[in-house]
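Just so we're on the same page: letters track the sequence lines, and every chain starts at 1.
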Amino acid sequence: AQTVTQSQPEMSVQEAETVTLSCTYDTSESDYYLFWYKQPPSRQMILVIRQEAYKQQNATENRFSVNFQKAAKSFSLKISDSQLGDAAMYFCAYCSGRYDKVIFGPGTSLSVIP
Amino acid sequence: EAGVAQSPRYKIIEKRQSVAFWCNPISGHATLYWYQQILGQGPKLLIQFQNNGVVDDSQLPKDRFSAERLKGVDSTLKIQPAKLEDSAVYLCASSLGTGSNQPQHFGDGTRLSIL
């Protein structure tokens with residue numbers, strides 16, 4: 001069965017600095033997708049960035065980028081120029097291309113220090 | 001575009017009582033998901049609908065949980081009878097269709113507390 005691990009329960013970053021959140025996953029499949037979701041205190045989960053496993057190029061969305069290491073089964077999220085609004089829970093998620101079922105990691109709570 | 005609507009926002013009940021949650025997905029979204037998010041954990045999929053058919057309910061405790069999506073639009077999730085371990089946030093999400101390239105859009109969730 002697929003699993004998603006986030007080894008950092010809590011992280012903090014100074015405003016305007018860069019922070020990297022770690023995620024590793026376990027799968028025997030070759031076709032899958034990886035996601036980072038953000039959940040602010042208001043609780044609505046928002047998709048931050050998505051990576052297709054078949055793509056070698058790392059996905060980028062404005063200040064958010066990923067470092068996708070397929071062989072190592074690692075999928076980290078880098079947030080550049082951190083802003084106060086980035087404070088939230090961040091969940092790494094895996095979706096099988098075959099079964100279309102999303103599995104979430106336990107999350108990392110990110111604090112942004114003014 | 002209106003987002004995923006859920007109600008109620010909060011619910012407090014005693015154990016062994018029953019409770020129901022309602023979800024209205026984004027218009028035109030064929031796929032609807034119910035997740036359970038226990039405090040400090042990531043969401044866990046309970047059930048997935050494609051239109052009004054069930055795609056996956058493998059993690060739904062069917063002895064006490066039930067869900068339906070009549071007419072392939074709104075959905076309700078029911079718990080009867082509730083247990084203390086059911087205390088969680090119940091999230092509803094929808095997407096245009098199945099397929100990993102279809103992002104899920106989440107509602108605000110219902111926070112359930114069992115006394």
Side-chain angles (χ1 to χ4, degrees), chain A residues 1-10 21-25 27 29-55 59 61 64 75 77 88-109, chain B residues 1-11 21 23 25-26 29-50 53-60 88-112:
Chain A
Q2 293 82 16
T3 58
V4 178
T5 302
Q6 293 178 252
S7 59
Q8 306 152 316
E10 297 178 353
L21 308 184
S22 300
C23 172
T24 58
Y25 58 95
T27 185
E29 299 178 327
S30 58
D31 178 23
Y32 55 90
Y33 295 74
L34 297 165
F35 307 87
W36 278 98
Y37 280 89
K38 171 185 177 182
Q39 189 176 41
S42 64
R43 293 206 306 277
Q44 187 168 82
M45 195 91 70
I46 304 166
L47 177 64
V48 174
I49 200 165
R50 175 178 61 204
Q51 174 80 43
E52 292 88 343
Y54 63 85
K55 288 187 177 180
E61 288 287 342
F64 298 87
F75 183 61
L77 174 70
M89 283 291 291
Y90 286 83
F91 293 96
C92 178
Y94 168 100
C95 186
S96 165
R98 180 178 181 184
Y99 297 107
D100 190 35
K101 179 177 177 178
V102 179
I103 299 170
F104 286 86
T108 296
S109 177
Chain B
E1 148 182 285
V4 176
Q6 288 189 247
S7 68
R9 189 71 188 267
Y10 303 91
K11 189 72 177 179
F21 312 126
C23 174
I26 293 174
H29 280 197
T31 308
L32 185 146
Y33 311 79
W34 281 105
Y35 290 90
Q36 180 192 59
Q37 186 177 18
I38 293 173
L39 185 65
Q41 300 181 17
K44 182 184 81 171
L45 179 69
L46 292 176
I47 189 168
Q48 177 182 342
F49 292 95
Q50 175 71 10
V54 175
V55 174
D56 184 348
D57 64 356
S58 57
Q59 297 192 93
L60 185 73
V89 175
Y90 290 84
L91 297 170
C92 179
S94 70
S95 65
L96 275 172
T98 56
S100 306
N101 62 342
Q102 300 290 345
Q104 296 185 25
H105 300 261
F106 286 81
D108 288 338
T110 297
R111 181 180 296 277
L112 175 65

Heavy-atom contact with chain A under 4.5 Å, split by part of B:Gln6 = neither
Structural part of B:Asp108 lying under 4.5 Å from a heavy atom of chain A = both
inquiry  = Run A:Phe35 and B:Gln104 through side chain to side chain contact (heavy atoms under 4.5 Å, CB included) and show every step you take.
reply    = CA-CA 11 Å; A:Phe35 307 87; B:Gln104 296 185 25; over 6 Å; no
query = Where on A:Gln39 is there a heavy atom nearer than 4.5 Å to chain B: the side chain, the backbone, both, or neither?
reply = side chain
request  = Go through the steps for A:Val102 and B:Tyr35 under the test side chain to side chain contact (heavy atoms under 4.5 Å, CB included), then give the verdict.
outcome  = CA-CA 10 Å; A:Val102 179; B:Tyr35 290 90; 3.9 Å; yes
query = Shortest non-hydrogen contact from B:Gln37 to A:Phe91?
reply = NE2-CZ, 3.2 Å
